[in-house]
Amino acid sequence: MSDKKVRLRFAPSPTGGLHLGGVRTALFNYLFAKNHGGDFILRIEDTDQTRYVDGAEKYIMECLDWCGITPDESPAVCGPFAPYRQSERKSLYREYAEKLVREGHAYYAFDTPEELDRNRKEIPNFQYGHAYRDTLRNSLSLSQHDTDKLLDAGEPHVIRIKVPVGETVSFNDMIRGHVSFDTNQVDDKVLLKADGMPTYHLAVVVDDYLMKISHAFRGEEWLPSAPVHLLLWDYLGWKADMPQWAHLPLILKPDGHGKLSKRDGARLGFPVYAMNWFDAKTGELTPGFRELGFLPEAFDNLLAMLGWNDGTDNEIFSLDELKEKFSIDRVSKAVAKFDFEKAKWYNAEWIKKLKAESLKPKVVEVLAQNGITITDESYLLKVIDAVKERCVLLGDFYQQSAYFFEAPKAYDENAVKLKWNEAKNEFFKTLLVILNKVDETIDAHIFEEQFKALMEEKSLKAGDVMLPFRIMLVGGKFGPHVFDIAALLGKDETICRVEKALMVFNG
RNA sequence: GGCCCGUUCGUCUAGGGGUUAGGACGUUAGAUUUUCAUUCUAGAAACAGGGGUUCGAUUCCCCUACGGGCUACCA
């Protein structure tokens, strides 16, 4: 058991976009695997054909790639335990279900969904379990002969687990410690559906066994079905190989109650999915963190901190650091409410932390989307360094750096015009003369000295001319130090912008 | 309703029988930057309640309350 190779899987069902809670589950699985030198596997749980959504699987893989947690084995990468889609493993599950029936741990049930619905409505606390199974249509209540007849006639049926009466099932959750259940409260879950597909309960056990999964981390919503899985591991005779379980605390809405859902994102104005998800059926686009301008580094970081910490005050971790430091026993038991403000803070921190060089491709993309093409990359790098500390989302790079590439088309005139006078006009006219005498490049410090000297000469205060100068170059009241901007813009462009603005301000 | 899980500032959390209960986001006030942001300093802000156990509980146990999850031929 302990010398077993560490293998964890992320097992989403391809039903749509990937929720950030799902990504966190994937991340924790990945981090634990990598922390132990193990493998991270992606298994697609597409056993519900009615909920299958085209494109979702590809989307999921792209999400994992974007986050930098590409699986070692997956439908795309393949591997020794292929196939990795449960729909392609369909034929294999029936055998195990039949084996359970033969050994008395499962049975055929012929009840229609309608009959069961009626029972659920009419009988308070109805459960398909020990209390009622003898009154329903199944191979336990029917004679062998009648059962065979129905089976031979091709009567639609499912296979259900026969949960024992009056037993206690317990296990040791890596996060929660000892958890136990009274089997009288557990119902006879369907294992194999009428269409021949396994339910999650059967498939997860069979595949985790076959794929030699050593540890399984999943959301807390699975805790109530754990006893069914435990029983199955036991009945199938694989108990010694059962993975160690950990049920991760859920991520809740920032306000109000309940699990975070994509609806909350729309309502509260932040993304819930990792990347944009387009639903071809409804034409609805659900926004994602990636497209909103989040860095994968920040996304991983903020997700990791939702329920985990390393015991120090450090909150900024790269994926590599997380791989090195992650440990499941530092994951908290309690639910966490998602806080978008803090999420943005992580992104701002990562933008500041990352080198201009690694930010470059993303900034190029943002600028391109706004019609700005980059011709001089080393200039871009300087611009990124100049403005990155005032960007929270990648999209902010447009607003914060556009004026480095295009002269302002409009000016924040309110900031200038009311107090504009001939003295200031004179100041800038003289400034142009000084600028023209500058050799080739502007040195920010020297230029600042010259600027201030001229200010004194003309008896003007910094407040009188600094802001107008900024407006001339930038168009608005924002950006780095104005002399740095002038230096970056260069002599000719600075002169050009001052001249142009002077015409506007005087006109 | 039943079952399961949980509960430290508004939020994410550290801590753990004796602490001024620490940090971060957000927030407030200052400083710096005569732009905006950054940065810096300071402030407000929490152990759900009740019983035990104990010399001493926020910490351990029980109960209650509250919150969440599950209760499908969905995962």
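Computed from a predicted structure; not experimentally measured. Order of the sequence lines fixes the chain letters, A, B, ..., with proteins taken first and strands second; residue numbering starts at 1 for each chain.
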Can you see if the side chain of [X] gets near the phosphate of [N] - specifically, an N or O under 4.0 Å from OP1 or OP2?
| X | N | answer |
| --- | --- | --- |
| A:Lys344 | B:C12 | no |
| A:Arg470 | B:U33 | no |
| A:Asn125 | B:G2 | no |
| A:Ser332 | B:U13 | yes |
| A:Arg51 | B:A75 | no |
| A:Lys388 | B:A37 | no |
| A:Arg218 | B:C70 | no |

Touch class at under 4.0 angstrom, heavy-atom based, for A:Thr312 against every strand present: nothing
Face-on cation placement of A:Arg24 at A:Phe28 ring, 6.0 Å and 45° thresholds: yes
Quiz item: cation-pi between A:Arg390 and A:Phe478, 6.0 Å / 45°: no
Same-atom distance (P) from B:A29 to B:G2, integer angstrom: 50 Å
C1' gap between B:A57 and B:G49, integer Å: 15 Å
Atom-to-atom span, CZ of A:Arg120 to C1' of B:U71 - whole angstrom: 10 Å
